[in-house]
Each structure stands twice: as C-alpha cells, then as structure tokens.
Amino acid sequence: MIGKGILKGMVETARNLTGSFHDPDRLTTVEYPEQKIPAKENARNFPFLIYDGDDWETGLRCVSCQICEKECPPQCIYIEKDKEKKPDFLGKMQMQPKIFDIDVSVCMGCQICVEVCPFESIRMDNDFEYAGSDRFKSLLLTKDQLAKSNKYYHSIHPTEAQETDEIRVQKREDHLAKEKAKAEKLAKAKKEAASKAALSKAETAKEE
Amino acid sequence: MWFEELLIAIKHYLVLQMPGSLQPVGSAFLSCLPIMTSFGGLFALATLLERKMLGRIQNRYGPNRVGPGGLLQPVADGIKMLTKEDIVPKNADHLIHFLAPLGLLVSAMLGLSVIPFGHRLIALDIETGILFFFAVGAASELAIFMAGWGSRNKYALLGALRAIAQMISYEIPLILSALSVLMVVGSLSLSDVVQAQSGGIHTWHIFTPWGFLGCILFLISTLAEINRSPFDIPEAESELIAGHMTEYSGFKYALFFMAEGVAMFAMCALTATLFLGGYHAPFPILSFIPGPVWLFGKLTSLVLLFIWIRGTMPRLRADQLMEFAWKFMLPMSVVNLIAAGIWVALDGGVAAWISSGLLNFVAYFGWSRILSQASRFSPRTYRYAEEAGVSE
C-alpha cells in the first residue's frame, strides 16, 4: 500500500524529535566552548618545554644543544644559545637557550624533537586552542609561552611523565655513582701517589 | 467575534482620519499592512522553528547561539543577507532579473488577500476568491521562469523549466482536490466555504470521506507547488546548483526564500480554510477565542507538519515525481471528485458517507495495489552484470 512506509518514517522522526528532549543518549552534542570533553591521555598536539621547580627560567631543562632544531622535519624550531651558563639538575654548568621559538603554524606534531632530546626537556602538549587574531606573531610561540612545569606534564600525560621522571632519577643515580667512583679512584690515586712519594722519599734517603 | 469587530472599528476610525481623496487607497493599505507585517514576521520565526525542529529530528540542538535559545537567529540571518553583495550577471536581462523575486513574493502575498482571517476579516472579499487564489498562485510560475530566463544562464533556465514542469503537473491535482470542496459548498467564495464549516469540529470538511482524501491530496500537491521537501528538486541544494536561483545573491536570494515561506503560509491558510474549518473553533464553547488565533493555530500546525515531512523524507527523483503526479495524484483526485459528487447527489447522510467512503477506500487501496505491482513503485531489484552473463 502506498503511504505505509512514509507513515513509518514519520513515526521514527517523531520519536527522534521527542526523544531528543528527554533522552540524554540521543542528544550527544557537546557545546564546545562551554563544555569540553577531557583530552585522551595519548592526545598530542605541539611540543612544549619542561621546567623543574617554580621558576621557569632557572628550572628550564633545555641546554640548547640544538638537536631538535636540526632534526625537526619542517624546521619550525629556532634556537639561539645564551652566553651565560646555568647549573642543571646534576649541578653541572650547562648552556641555556637565549631564544627558543616554535612556529606552531609550521609544526606538524611529529614528536621527533621529543624522541631525539637527550635532556628530557621537550615534550608534547595536548593544548589545541591556539587561535589568534595575528597570522604570524600569535602562532610563533616563544620561550616563555613554551615553558610549562613538570607538574603540568604530569597532569596531561601521567604515564609518560612518570617514565620521564624515572629516566631522570636513573641519570642522577648514575651520575652520583660515577662521581663516587671518580672520587674513590681519585682518592686511591692520591693514596698511591702518596705512598709512592713516601717510598721514593725513603729510597732517596737510603741512597744518601 | 469581538476581536474582529474591534480590528474593523480601528480600521474604520483610521480611514476616517484621512482626507477624502486618500480614503480608498488608505483603506486598501490598512488592509494589506497587517497581512504583510504579520506574515513577514511569521516567516522569520518559521525559519528558526524549522531549523530547530530539523535539528531535534536529527538529534542535535538547532541554532542556539544568537540571543536566548537562538531567538535572534532570523535577525542575524537577515543582516547577513542584506549586507551581501548583490551580483547581477553582465549579460542578464536586468529588468526581468530584478522583477522575478518581487513577482514571486507579490504572487504569494496576493494569495493571502482572499483568506478570511476572521469573521468579516478578509482583505479582499470577492465572490471568486479561490479562483483568484489559484490565478495569482499560477503567476508564481511566471516569476520563476522570469528568474530562469532573466539570468541568462543555461542552468538557471533548465532549473526554471524543471520547476515549472513540476508546478504545472501538481497544479492539476491541487485544483481538482480543492474543487471537491467547492462542489459541496456550491460557492467559489472562501467566506462561504468557511461559513459551511461553522458548526464545530464535526462539520469540518476533513471529517468526510471526500474531504479526508481531498485534504491529503491537497497537502501533497501543496508541497510540490511551493517546492518544499520531498518535492524540492527545483532547488535541491545538496545535489544541483540552485535551479532558477543560481544567479541570485544577497537580498534577492533572500526574497526567493521569503516568497517560498509566504507561499507556504498562504497554502496552509487555504488548506485550513477549505478543510479544517478556517477561523472557526473546533467546539462552539471555545468561540470566545478570536478567529485569527484559531486560523494561525491551524496554519502553524500545518507548517509543523510540513517541517516534520521535510525532516523525514528524502528527495524524489524528477521522473518519480512526475509519475507520482500523473499516475497517482491525478486519478485519485478525479475519484475524489466523483465521491464528492455522490455526496452532493445524496445530500450528505449515512448513505452518502458509506457510498463515497467506499468509493475512495476501494479506489485508494486498489489503485495503490495495482501501482505496487508496477516495477516503479515496488522495491527495487538489482540485476548484476555477472548474473546477466550467466543467464545468457
């Protein structure tokens, strides 16, 4: 019979129409600027620089080795070294960047900079709200915009941040062990040298 | 009736304030003004309602950013349309290109002038009201062809031809189904048609066998006549370029939509007048509520029905549309006319109910059964190349 299918369809759409008012399963829209779905843990967008402690300038992990700048496929990173050095988390004096810029309009989010960084200082962010009114300046992120605390890193990528921290703890332990071994070696060498000196002294005294 | 009398008294008072030579023009102006303003405003609200309702049908919120709950969305749309550049093709026939949207809007607005909005509340109370309505309604086809021709664009012209083919095909069942009402009432005047349904809900024409089928046929033809989904091939925004509106932009483009909207209101008002008792209350107890309120209520529910249909049905193909018009709509409206004739011959009553009802029932089921056996109306069967190769 002509018209039966039409009536069936009309009932279906009427069910949608009324259902969208009382059934939250039907109305799945998330109204973006007011409501946000929390990002998935593995979500990543653009890189940022991690700093330890409270002050981003002294705590910045980056030592401006420029490996990321060289490895970056679209070449969106620009680094200039500073003449002054500052101590890193192991107490060693290290270089620091004077300028560290990432052009997020160029960045493709490949994470290669993260993988090559030997100092665990550059990691991926999941912030995506970079819209600005200026085509060039607002998308060129400078050092102060890029610097974000390790706490923030823990809040967005907890598992990854934990791994990074473990690496750093290991590094510190290795460093301490090395220092200890070095110190022991040094002490031994000193002792030997001292005993040698004493021996030679005794020998010269004998000869005389 | 107090409300209608009040409006008429206000009008008479205002006309009397004018100098004598201006009074006829002033009177006509005062009759037109409420129609033009109220339906313009109603169109704006209907666009919002349509978008909201389509959104809900598709399980999303409609527009809800501008103003509280999106109420100011029509204003934003209007500003956007007004500030857009009005482009006229270099080789277009400028006069015709300019006049086409106006002609469409005028023909839609003129149709509203013969609709009785309340007791004595009718802008143009002429004896041949319904004839006038269909005559000016047919002028919209001319306006569409003007739009297609004046643009000097082959796509626009083809779109206009397509639109006209559809509108002319559906005009026949439209008028034939309206004719059944005229046969029973025995008058071409819409005031008489409404007066015949004044006795409450049981006297409405939709609750008779011929009126029920006639109303459905009329509504379907109306959908095609005003180019609304599922008969919106002339526009078909998702498949074709915009048909006769291809070369229009800015406010003229908006005028086309406004004309479409107003034509929809005019057609819904006519449906309400012919089949749903016009401005009369369903029960005489409720007649203290003014007539215009009842008419606008019926009109709005019909508009809601149209939006509901738009949210439900996919667009028909051009050949399906023509087949439906000529193979189903036309025979059914002729049968309905015969049923109305039986009703008139038997002068209402039980015998008329049974005989005309049976005729319509048998014709509808029999004819749809016959058509269902024809390949076009039955579910499609697919013949694949491999099978064809095997069978050979």
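Here is the naming used below: chain letters follow the sequence lines, and residue numbers restart at 1 for every chain. All of these numbers come straight from a predicted model, not from anything done at the bench.
- Heavy-atom neighbours of Lys171(A) NZ from other residues, nucleotides or ligands within 6.0 Å: above the threshold of 12.
- By the 6.0 Å contact criterion, CG on Asp144(A) is enclosed, its count of non-hydrogen atoms from other residues, nucleotides or ligands being greater than 12.
- In this structure, the side chains of Leu305(B) and Met10(A) come closer than 4.5 Å at one or more pairs of heavy atoms.
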Determine, step by step, whether Asn16(A) and Gln58(B) satisfy the side-chain contact (heavy atoms from CB on, under 4.5 Å) criterion, reporting the C-alpha distance in whole Å, the side-chain angles of both residues, the deciding distance to 0.1 Å, and the verdict. CA-CA 7 Å; Asn16(A) 270 344; Gln58(B) 292 154 16; over 6 Å; no
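- Interface remark: of the candidates Thr29(A), Leu27(A), Asp23(A), Leu27(A) forms the most heavy-atom pairs closer than 4.5 Å to chain B.
- Between Ala14(A) and Trp308(B), the shortest heavy-atom contact is CB-CZ2, 3.6 Å.
- A distance-only check finds a donor-acceptor pair linking the side chain of Arg56(B) to the backbone of Ser20(A) [under 3.5 Å].
- Interatomic distance, CG of Leu17(A) versus NZ of Lys52(B), reported as 12.0 Å (0.5 Å rounding).
- With salt bridges taken as basic N to acidic carboxylate O contacts below 4.0 Å, none links Glu31(A) and Arg60(B).
- Going from atom CD1 of Ile6(A) over to atom CD1 of Ile220(B) covers 7.0 Å, rounded to the nearest 0.5 Å.
- Both the backbone and the side chain of Tyr61(B) come within contact range of chain A, judged by heavy atoms closer than 4.5 Å.
- In Asn42(A), the CG atom is not crowded: 12 or fewer heavy atoms of neighbouring residues, nucleotides or ligands sit closer than 6.0 Å.
- Heavy atoms of Ile309(B) lying under 4.5 Å from chain A belong to its backbone as well as its side chain.
- By the neighbour-count criterion of 12 heavy atoms within 6.0 Å, atom CZ of Phe365(B) is densely surrounded, having more than that number from other residues, nucleotides or ligands.
- Shown here for Arg26(A) and Asn59(B), the closest heavy-atom pair between the two residues is O-CB, 3.3 Å.
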